[in-house]
Amino acid sequence: MLAQTLDDTMLVDLVSDATAAPSMHNAQPWHFDYERSSRTLALRADFDRAMPEADPSTRALHVGCGAALLNLRVSAAHHGLSMVTALLPVPSDQALLASNLLSDSPQEPRDAVLAPPRDPGPAYQPVPVRRPGDT
């Protein structure tokens, strides 16, 4: 798929696709911050949505955030964007799980396997299908 220009509408689409990810009890324990000057989309754990009784180690919270990150990668590849992800970029900030540098340059996509060049790929189509109540 040809790269598209990263604008506010596409950014909303990326985050919308990312947040369609499943999470324990549909808690959606993530938060996204976009830094326009560096074109960086940060994935942060939202510990206010943690479930200390059901998930005392926050393992399920982190698994849900990982699912949101995967959906973000699939969506970026679908839109023809190149994305470089740094996991746990600031060790002292436990909430910052990933920093994602987005580029609409015509480079070979890093996640070409997620979105083959001539086909939007079967990976993208199920992303927006998530329904309320899915866990």
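What you are looking at is a predicted structure, and each value in this text was computed from that prediction instead of being measured. Starting from 1, each residue takes its place in the sequence as its number.
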Determine, step by step, whether Leu97 and Trp30 satisfy the side-chain contact (heavy atoms from CB on, under 4.5 Å) criterion, reporting the C-alpha distance in whole Å, the side-chain angles of both residues, the deciding distance to 0.1 Å, and the verdict. CA-CA 9 Å; Leu97 301 179; Trp30 47 69; over 6 Å; no
Worked check of side-chain contact (heavy atoms from CB on, under 4.5 Å) between Asp55 and Ser57: CA-CA 6 Å; Asp55 184 26; Ser57 68; 4.0 Å; yes
CA sep, side-chain torsions, deciding dist, call: Val15, Leu41, side-chain contact (heavy atoms from CB on, under 4.5 Å): CA-CA 9 Å; Val15 172; Leu41 187 59; 4.1 Å; yes
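Considering OG of Ser75 and CE of Met10, their distance stands at 8.5 Å, rounded to 0.5 Å. Between Arg73 atom CZ and Asn100 atom CG the span is 9.0 Å, to the nearest 0.5 Å. Atom-to-atom distance recorded for Leu61:CG and Ser23:OG is 8.5 Å, nearest 0.5 angstrom. Separation of atoms OG (Ser16) and CG (Leu72) is listed at 11.5 Å; rounding is to 0.5 Å.
Met83 is connected to Leu87 through a chain of hydrophobic side-chain contacts under 4.5 Å among Ile, Leu, Val, Met, Phe, Trp and Tyr, so both are in one cluster.
Closest non-hydrogen pair, Phe47 versus His62, comes out as CE2-CE1, 4.3 Å. When every heavy atom of Leu69 is checked against every heavy atom of Ala98, the shortest pair comes out as CD2-CB, 4.1 Å. Of all heavy-atom pairs spanning Gly64 and Ala21, the tightest one is O-CB, 4.4 Å. Shortest non-hydrogen contact noted between Pro89 and Ala86 is CD-O, 3.6 Å. Pairing each heavy atom of Ala18 with each of Asn71, the nearest pair is CA-CB, 3.6 Å.
Without hydrogens or angle criteria, Arg39 side chain to Leu102 main chain gives a donor-acceptor distance under 3.5 Å.
Contact of the His79 side chain with the Asp17 side chain is registered, since non-hydrogen atoms from C-beta on lie closer than 4.5 Å. Side-chain contact between Val63 and Met24: absent, with no pair of heavy atoms (C-beta onward) separated by less than 4.5 Å. Side-chain atoms of Leu81 and Leu6, non-hydrogen and from C-beta on, do get closer than 4.5 Å to each other. Counting heavy atoms from C-beta on, the side chains of Thr19 and Gln28 never come closer than 4.5 Å.
Residues passing the salt bridge (Lys or Arg N to Asp or Glu O under 4.0 Å) test with Asp46, sequence neighbours excluded: Arg49. Residues forming a salt bridge (Lys or Arg N to Asp or Glu O under 4.0 Å) with Asp8 (at least two apart in sequence, or on another chain): Arg36.
Between Ser99 and the options Val84, Leu88, Thr40, Leu43, a side chain to side chain contact (heavy atoms under 4.5 Å, CB included) holds for only Thr40.
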